[in-house]
There are 2 protein chains.
Amino acid sequence: MLQLTKRTDYGLIALTHLAGHSGVRSVRSIADLYPIPRRLLAEVLKDLLHSHLVESHRGAQGGYTLARPPGEIMLSEIVEALEGAPSLTSCEGSHTENSCAVEAVCPIRSPIHVLRQGIWRMLEQTALSDLAGWPELARIPSFR
Amino acid sequence: MLQLTKRTDYGLIALTHLAGHSGVRSVRSIADLYPIPRRLLAEVLKDLLHSHLVESHRGAQGGYTLARPPGEIMLSEIVEALEGAPSLTSCEGSHTENSCAVEAVCPIRSPIHVLRQGIWRMLEQTALSDLAGWPELARIPSFR
DNA sequence: TATAATTAGCATCAAAACAGTGCGAATTAC
DNA sequence: GTAATTCGCACTGTTTTGATGCTAATTATA
């Protein structure tokens, strides 16, 4: 099930903030700036750390920085880090362990599968910097 | 929160089935064909009925038909019918009743808002017939 | 007219996902 | 040494979701 929860919401806020402000930023400073529960934001950033999208700096005056330039961080990576990779199979139970027997023309898996893939492809083609460039929506290719 | 649940999954299956088979189709016949709980599919089709995406035919030999040609039924309508319109605001509580005070440059609402709008636009531009045309993904503009 | 098939509308229930919090340990600038 | 901060684990209450039950209304058909 593909969804955009508050975790992703908070993650995007934090990442765009990091993209727009150089230097180390602590969880506290970000959570105070936006109306985000501090502890929850900390959890989110930890997940982003584990996915190597941010780098942590422990101790006093510590915090987080982007692990890569915002133009190289794709939305698909962010969503996957915070909500897990979407299970692109939607007909669990109707196939054996490895793969669906009639995958090639499976009329069951088909519709939602196509839809999810389309959305996912859009996320793969859109970088964090594209979001930061708001509100120039036109900069995002898939958004036209 | 934009999400694609099993309701949408089942709905898309039913609708693509209706798109591919002329004539009235009962809930039973569809649910028996795919591994879908009969009663749940009935609920989904009732929602699609209320949104005028399908027409019902009551009584024996009854069932459902598409209310419009599949080329005129947009995915956004389907998702909205089955999961409700996505609340495009993500910073509830931080603004007063009507609108966010700093909406124009609101750095909070921005990222997830842009993302949701992008996905929604894609759904608005993709018709049911495009999904039915699987696996020719190239036919879907936003999918390139 | 009787019957069976089917949608319509109500309500309910269990399980899963989600949002948010608590606590203490480890690390590090100052 | 102290204060600030990340790190890791667990936990809880609420909401959402998936799924089902029951009965009434409708209608083709025998």
Side-chain angles (χ1 to χ4, degrees), chain A residues 1-11 13-14 18 23-32 34-65 67 79 82-87 90-93 112, chain B residues 1-14 18 23-32 34-65 67 79 81-84 86-87 90-94 112:
Chain A
M1 167 171 51
L2 172 65
Q3 47 189 353
L4 302 177
T5 67
K6 296 212 167 190
R7 294 176 61 81
T8 301
D9 199 345
Y10 298 155
I13 291 173
L18 289 177
V24 177
R25 297 272 154 171
S26 70
V27 169
R28 175 184 301 269
S29 70
I30 299 177
D32 284 352
Y34 309 95
I36 302 180
R38 197 172 299 172
R39 290 281 291 99
L40 189 49
L41 179 59
E43 293 296 323
V44 167
L45 279 166
K46 261 187 287 186
D47 290 342
L48 293 175
L49 173 69
H50 294 153
S51 297
H52 308 292
L53 294 180
V54 298
E55 288 175 352
S56 71
H57 307 265
R58 303 183 65 171
Q61 304 304 314
Y64 292 94
T65 55
V79 173
L82 297 179
E83 319 205 343
S87 72
S90 69
C91 54
E92 304 102 26
I112 197 85
Chain B
M1 169 170 53
L2 174 65
Q3 46 189 352
L4 301 178
T5 67
K6 295 212 168 189
R7 291 175 64 81
T8 301
D9 199 345
Y10 298 156
L12 286 174
I13 291 172
L18 289 177
V24 177
R25 297 272 155 172
S26 71
V27 169
R28 175 184 302 268
S29 70
I30 299 176
D32 284 352
Y34 310 95
I36 302 180
R38 198 172 298 173
R39 290 281 292 102
L40 187 51
L41 180 59
E43 293 296 323
V44 166
L45 279 166
K46 262 188 286 187
D47 289 343
L48 293 175
L49 173 69
H50 294 153
S51 297
H52 308 293
L53 294 179
V54 298
E55 290 175 350
S56 71
H57 306 266
R58 303 182 65 171
Q61 305 303 315
Y64 292 94
T65 55
V79 172
L82 297 179
E83 319 206 340
S87 72
S90 69
C91 54
E92 302 104 26
S94 67
I112 196 85

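Numbers restart at 1 for each chain; the letters A, B, ... are given by sequence-line order, proteins then strands. Computed from heavy atoms alone, side chains included, the values below leave out hydrogens, waters and symmetry copies.
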Could you state the CZ-P distance from B/Arg28 to C/dA5, rounded to the nearest angstrom?
-> 7 Å
Test applied, side chain to side chain contact (heavy atoms under 4.5 Å, CB included); reference residue, B/Val27; option that passes from B/Val44, B/Leu41, B/Asp32 = B/Leu41
Quick one: label A/Leu49 by what it contacts on the DNA or RNA (base, sugar-phosphate, nothing), any heavy atom closer than 4.0 Å.
-> sugar-phosphate
For a side chain to side chain contact (heavy atoms under 4.5 Å, CB included) with A/Val54, tell me which candidate from A/Leu18, A/Thr65, A/Asp47 qualifies.
-> A/Leu18
From A/Glu55 atom CD to A/Tyr64 atom OH, the distance as rounded to the nearest 0.5 Å | 12.0 Å
State whether the distance check finds a donor on one side and an acceptor on the other, under 3.5 Å, for side chain A/Glu43 versus base D/dC9.
-> yes
Within this structure, what is the CG-to-C1' distance between B/Leu41 and C/dT6, rounded to whole angstrom?
-> 13 Å
Out of D/dA3, D/dG8, D/dT20, which has the shortest distance to the side chain of A/Ala60?
-> D/dA3
How close or far is atom P of D/dT6 from atom CD of A/Glu55, stated in whole angstroms?
-> 15 Å
Once you round it to whole Å, what is the distance between C1' of C/dA14 and CG of B/Leu40?
-> 14 Å
Look at A/Thr5 and C/dA17 and indicate whether a side-chain polar atom (N or O) is within less than 4.0 Å of OP1 or OP2.
-> no
Under 4.0 Å between a side-chain N/O of A/Tyr64 and OP1 or OP2 of D/dT5, yes or no?
-> no
Could you give me the CA-CA distance, side-chain angles and deciding distance for B/Val24 and B/Gln61, then say whether side-chain contact (heavy atoms from CB on, under 4.5 Å) is met?
-> CA-CA 8 Å; B/Val24 177; B/Gln61 305 303 315; over 6 Å; no
Please state how far atom CG in A/Leu4 lies from atom C1' in C/dA17, giving the value in whole angstrom units.
-> 15 Å
Can you tell me the distance, in whole Å, between the NZ atom of A/Lys6 and the P atom of D/dT15?
-> 12 Å
Ignoring backbone atoms, test whether B/Tyr10 places a side-chain nitrogen or oxygen under 4.0 Å from the OP1 or OP2 oxygen of D/dG18.
-> no
Atom-to-atom span, NZ of B/Lys46 to P of D/dT20 - whole angstrom | 14 Å
Test item: B/Leu48 and B/Leu82 side chains (from C-beta on) under 4.5 Å apart, heavy atoms | yes
What is the nucleic acid contact for B/Gly62, judged by heavy atoms within less than 4.0 Å: base, sugar-phosphate only, or nothing?
-> sugar-phosphate
Just how far, in rounded Å, is C1' of D/dT26 from CZ of B/Arg58?
-> 5 Å
Phosphate-side-chain proximity, B/His57 and D/dA28, N/O vs OP1/OP2 below 4.0 Å | no
Any side-chain N or O of B/Ser26 less than 4.0 Å from the OP1 or OP2 oxygen of C/dA5?
-> no
